[in-house]
Amino acid sequence: MERRGSELRAVGADQRIAYAGQVRLSEFWARMEARFGSKYARSVAADYRLPALGTTADRALEDGVSAKVVWRAVCVEFDVPSQLR
């Protein structure tokens with residue numbers, strides 16, 4: 001993973017994930033639970049390696065990746081409906 005300012009790029013990936021603004025961690029979990037349900041959301045975050053980030057959502061958040069970047073990676077990987085994005 002490479003970081004340039006607010007931009008995060010998975011090494012070797014063709015696409016960059018860059019978004020302005022911030023998503024609070026509480027909002028991230030609310031969106032995860034709305035999409036996956038309360039129990040499955042925690043499992044997805046802990047166990048599923050997001051290709052765009054090269055790690056799990058939990059690990060990315062622990063490493064200081066913004067919640068918005070992590071959420072957008074989840075949206076891409078799981079085709080989250082636009083009303084939940």
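What you are looking at is a predicted structure, and each value in this text was computed from that prediction instead of being measured.
- By the 6.0 Å contact criterion, CZ on Arg35 is enclosed, its count of non-hydrogen atoms from other residues, nucleotides or ligands being greater than 12.
- Within the 4.5 Å cutoff, side-chain heavy atoms of Val74 are placed close to those of Leu50.
- Side-chain atoms of Val70 and Leu53, non-hydrogen and from C-beta on, do get closer than 4.5 Å to each other.
- Between Arg42 and Glu33, the closest side-chain pair of non-hydrogen atoms falls below 4.5 Å.
- The shortest distance between side-chain heavy atoms of Trp71 and Met32 falls below 4.5 Å.
- Distance OG/Ser38 to CH2/Trp29: 11.5 Å, rounded to 0.5 Å.
- Between Phe28 and Ala67, the closest heavy-atom pair is CD1-O, 3.8 Å.
- The line from CZ of Arg85 to CG of Asp79 is 6.5 Å long, rounded to the nearest 0.5 Å.
- Taking the side chain as every heavy atom from C-beta outward, Cys75 and Arg31 never approach each other to under 4.5 Å.
- For OH of Tyr48, the number of neighbouring non-hydrogen atoms (other residues, nucleotides, ligands) closer than 6.0 Å is greater than 12.
- The two residues Glu77 and Pro51 have their closest heavy-atom pair at OE1-CD, 3.4 Å.
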